[in-house]
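Before any comments, here is the structure.
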Amino acid sequence: MRANEGNTMARELDWSNARRGAVIATPGKTRITIYIDDDVLDAFRDRAEAEGRGYQTAMNEALRRSLVASASKHEALLARLQSAIAGVLEGVRIVDAPKPRPVTKRSPRGGAVTKATKPRKR
């Protein structure tokens, strides 16, 4: 058997319909382009290299920790506000307000008027 026998690969490839970009899309991730300050990027690259992982993974984890911490702060603030409001309202008795009575206008003759009328000019 010769070296080229059984080789089914084409000698020339047609790249006219080729597209640039990731070959396989990663589920749950989106490719974006952003500008990062040089010193911040260098710090993430250095730290990630020392830890033996990718700098983008390190940046993603830092952003995620920031989101979780922010949500925790908001939840803690909401709990404190609810507690304070409950403490203020503890001694307050809420009573249903009486329903307003319907107001009907009366004519000078004593009969009920359904809608207001303008006085006639004389």
Side-chain angles (χ1 to χ4, degrees):
M1 183 181 222
R2 282 189 262 158
N4 288 339
E5 270 184 32
N7 187 357
T8 58
M9 188 171 195
R11 295 236 180 241
E12 291 185 28
L13 298 176
D14 180 17
W15 295 98
S16 62
N17 293 326
R19 295 186 312 178
R20 297 181 84 174
V23 177
I24 300 172
T26 306
K29 300 209 179 239
T30 303
R31 179 183 300 264
I32 63 168
T33 301
I34 60 173
Y35 288 97
I36 304 290
D37 292 341
D38 291 336
D39 57 333
V40 173
L41 184 59
D42 290 340
F44 271 101
R45 283 182 171 162
D46 292 344
R47 189 177 303 167
E49 185 179 336
E51 296 172 358
R53 60 191 185 135
Y55 74 94
Q56 291 177 338
T57 302
M59 292 176 90
N60 195 49
E61 289 173 357
L63 289 168
R64 188 173 305 281
R65 280 193 307 270
S66 175
L67 290 173
V68 169
S70 177
S72 296
K73 286 178 185 177
H74 287 108
E75 289 171 3
L77 176 61
L78 180 60
R80 285 196 311 266
L81 286 173
Q82 288 172 337
S83 177
I85 292 170
V88 168
L89 294 178
E90 193 172 286
V92 176
R93 193 178 115 205
I94 299 174
V95 179
D96 290 336
K99 293 182 181 177
R101 292 181 289 167
V103 177
T104 56
K105 293 187 176 184
R106 302 249 178 224
S107 70
R109 296 185 198 130
V113 176
T114 56
K115 63 179 183 178
T117 59
K118 290 184 181 178
R120 292 184 186 177
K121 291 184 179 180
R122 294 187 181 165

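Residues: numbered from 1 along the sequence shown.
Between the side chain of Asp37 and the backbone N or O of Asp39 there is no donor-acceptor pair closer than 3.5 Å.
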Side-chain atoms of residues 73-83: list all donor-acceptor pairs with protein atoms under 3.5 Å, sequence neighbours left out, distances to 0.1 Å.
| residue | atom | partner | partner atom | Å |
| --- | --- | --- | --- | --- |
| His74 | ND1 | Ser70 | O | 2.8 |

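Chaining together hydrophobic side chains whose heavy atoms lie under 4.5 Å apart leaves Val68 on its own. The hydrophobic cluster containing Ile32, built from Ile/Leu/Val/Met/Phe/Trp/Tyr side-chain heavy atoms closer than 4.5 Å, also comprises Ile34, Ile36, Val40, Leu41, Phe44, Tyr55, Met59.
Atom NZ of residue Lys29 and atom CD of residue Gln56 lie 9.0 Å apart, to the nearest 0.5 angstrom. Between atom CZ of residue Arg47 and atom CG of residue Asp42 there is a gap of 12.5 Å, rounded to the nearest 0.5 Å.
More than 12 heavy atoms of other residues, nucleotides or ligands shown are found within 6.0 angstrom of CD on Glu51.
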